[in-house]
Amino acid sequence: MPPSTVGHWTYRSSDDPRLRAKAERLPTAFSVHAEQKPRERLLLYSMVFALAPARCLEIGVRFGGGSRIIHAALSDLDHGRLVSVDPFPEPDFDWETIADRATLIRGYSPAELPRAMDAAGGMFDFVFVDGDHTEKSCAQDLEGVAQVTAPGAYVLCHDAYHEPVERAIDAAVRLLGYQDCGMACTTLNDGCFVEPNKKVRYGGVRMLRRI
Ligand SMILES: C[S@@+](CC[C@H](N)C(=O)[O-])C[C@H]1O[C@@H](n2cnc3c(N)ncnc32)[C@H](O)[C@@H]1O
């Protein structure tokens with residue numbers, strides 16, 4: 001980069017290519033088969049693109065849309081790896097197309113998280129938690145994540161308005177050394193299971209940070 005003039009000084013910018021990365025694959029975030037609302041997709045892409053994490057973990061893959069959003073942001077940065085864990089993933093695309101920087105582990109969180117960390121080559125600095133939404137499983141995921149994340153790592157929890165997930169996150173903040181950064185996406189989805197007319201709340205992304 002040519003130097004620029006700042007006041008009386010000439011400023012030569014860092015050569016780090018991530019400073020000049022462009023969000024060329026952002027449209028991917030809106031076209032893939034992800035179980036996320038548009039605002040949540042934009043948040044996920046933007047957080048990865050802005051933070052430029054070296055090692056990302058995704059818990060819960062299903063059709064692989066979240067994996068592809070994270071992969072798109074890492075590819076735009078030309079930096080970082082993703083390891084995704086799901087016992088029964090159903091990607092509707094050929095995983096080989098993202099295998100340059102994404103690894104799929106077929107197995108359960110938290111049991112497979114140490115193996116995921118080995119596959120990533122170190123502790124994670126970004127995590128997307130979107131697995132089993134029962135309170136017990138989500139609590140176990142967050143316990144496991146605490147073992148494989150570096151201090152300062154960001155953890156995004158999807159469907160954080162779902163009451164069992166909310167309770168698990170609240171407990172993790174009290175007990176496990178997570179800083180609560182609050183809701184990063186207020187996509188509250190007050191829906192219902194129609195036939196029994198049972199209200200069920202989903203949506204929202206809550207952000208935690210490892211202390
Ligand atoms: C809501 S879907 C994930 C959606 C995906 N993250 C996306 O952005 O489209 C939940 C997934 O979690 C998986 N799952 C359930 N229990 C799990 C566990 N213990 N560890 C990892 N994944 C789990 C399910 O198999 C399912 O595919």
Side-chain angles (χ1 to χ4, degrees), residues 16 18-19 21 23 25-26 28-29 34-37 39-61 65-86 101-103 105 109-110 112-114 116-117 119-131 133 137-162 165-166 168-187 203-211:
D16 182 349
R18 282 169 286 176
L19 293 178
R25 294 171 178 83
L26 176 57
T28 301
E35 296 189 305
Q36 297 180 49
K37 296 290 180 264
R39 287 157 58 196
E40 298 167 347
R41 293 163 182 247
L42 180 58
L43 175 75
L44 181 58
Y45 175 93
S46 300
M47 287 292 298
V48 174
F49 189 64
L51 292 169
R55 286 174 288 275
C56 303
L57 169 67
E58 177 189 33
I59 298 175
V61 171
S67 324
R68 291 181 69 188
I69 293 170
I70 296 170
H71 176 269
L74 295 176
S75 298
D76 279 340
L77 293 162
D78 194 18
H79 167 87
R81 289 207 58 79
L82 165 68
V83 182
S84 301
V85 178
D86 193 311
R101 51 179 82 246
T103 303
I105 293 182
S109 165
E112 294 294 340
L113 298 188
M117 187 172 75
M123 295 192 117
F124 294 101
D125 46 0
F126 181 88
V127 184
F128 186 57
V129 181
D130 194 17
H133 287 8
S137 286
C138 186
Q140 288 173 342
D141 286 343
L142 289 171
E143 270 179 48
V145 165
Q147 307 300 315
V148 297
T149 40
Y154 284 94
V155 179
L156 294 188
C157 302
H158 191 234
D159 283 324
Y161 285 123
H162 188 57
V165 172
E166 185 179 21
I169 297 171
D170 287 343
V173 168
R174 278 197 312 275
L175 304 170
L176 294 176
Y178 288 100
Q179 179 187 355
D180 189 359
C181 307
M183 297 303 292
C185 193
T186 58
T187 37
V205 181
R206 188 154 152 200
M207 186 158 77
L208 307 177
R209 191 165 192 235
R210 289 280 292 134
I211 293 167

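The first residue in the sequence is number 1, and the count goes up from there. All values below come from the heavy atoms of this structure, side chains included, with hydrogens, waters and symmetry mates left out.
- Rounding to the nearest 0.5 Å gives a distance of 11.5 Å between OG1 of T103 and CG of L57.
- A pairwise comparison of heavy atoms in P53 and D125 identifies CB-OD1, 3.4 Å as the closest pair.
- Residues E166 and Y161 have side chains not in contact (no heavy-atom distance under 4.5 Å, counting atoms from C-beta outward).
- Atoms CZ and CG, on R18 and D76 in that order, are 14.0 Å from each other to the nearest 0.5 Å.
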Problem set entry | side-chain contact (heavy atoms from CB on, under 4.5 Å) between M117 and V83, intermediate numbers included | CA-CA 8 Å; M117 187 172 75; V83 182; over 6 Å; no
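- Atom CG of D159 and atom OG1 of T187 lie 8.0 Å apart (nearest 0.5 Å).
- To the nearest 0.5 Å, the span separating CG on L82 from CD1 on I70 amounts to 5.0 Å.
- In plain terms, the two heavy atoms of S109 and D141 that are nearest each other are OG-OD1, 2.6 Å.
- For the atom pair F126 CZ and L44 CG, the distance stands at 5.5 Å (nearest 0.5 Å).
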Distance-only donor-acceptor hits, side chain of residues 142-158, under 3.5 Å, sequence neighbours excluded:
residue: T149; atom: OG1; partner: V145; partner atom: O; Å: 2.6
residue: T149; atom: OG1; partner: R210; partner atom: NE; Å: 2.9
residue: Y154; atom: OH; partner: R209; partner atom: NE; Å: 3.2
residue: H158; atom: ND1; partner: D130; partner atom: OD1; Å: 3.2
residue: H158; atom: ND1; partner: D130; partner atom: OD2; Å: 3.4
residue: H158; atom: NE2; partner: E40; partner atom: OE1; Å: 2.8

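- When every heavy atom of A52 is checked against every heavy atom of L77, the shortest pair comes out as CA-CD1, 3.6 Å.
- Atom CD1 of I105 and atom OG of S84 lie 9.0 Å apart (nearest 0.5 Å).
- Between G121 and R55, the shortest heavy-atom distance links the atoms C-CD, 3.9 Å.
- Closest of all the heavy-atom pairs between M207 and A184 is CB-CB, 4.2 Å.
- Nearest heavy-atom pair, A34 versus G66, reported as atom, atom and distance to 0.1 Å: CB-N, 3.9 Å.
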Could you go through V165 and V129, starting from their C-alpha distance and side-chain angles, then the distance that decides it, and tell me whether this counts as side-chain contact (heavy atoms from CB on, under 4.5 Å)? CA-CA 10 Å; V165 172; V129 181; over 6 Å; no
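- A 4.5 Å side-chain heavy-atom check between R206 and V173 finds at least one atom pair inside the cut-off.
- Salt-bridge formation is not detected for the pair D180/R174: no Lys NZ or Arg NE/NH1/NH2 atom is positioned less than 4.0 Å from an Asp or Glu carboxylate oxygen.
- Put simply, the side chain of H71 never gets that close to the backbone of A102: no donor and acceptor are under 3.5 Å apart.
- With no hydrogens or angles considered, no side-chain donor-acceptor pair links T28 and R68 at under 3.5 Å.
- Inter-residue side-chain proximity for I69 and F128 is flagged as unmet; no heavy-atom pair is nearer than 4.5 Å.
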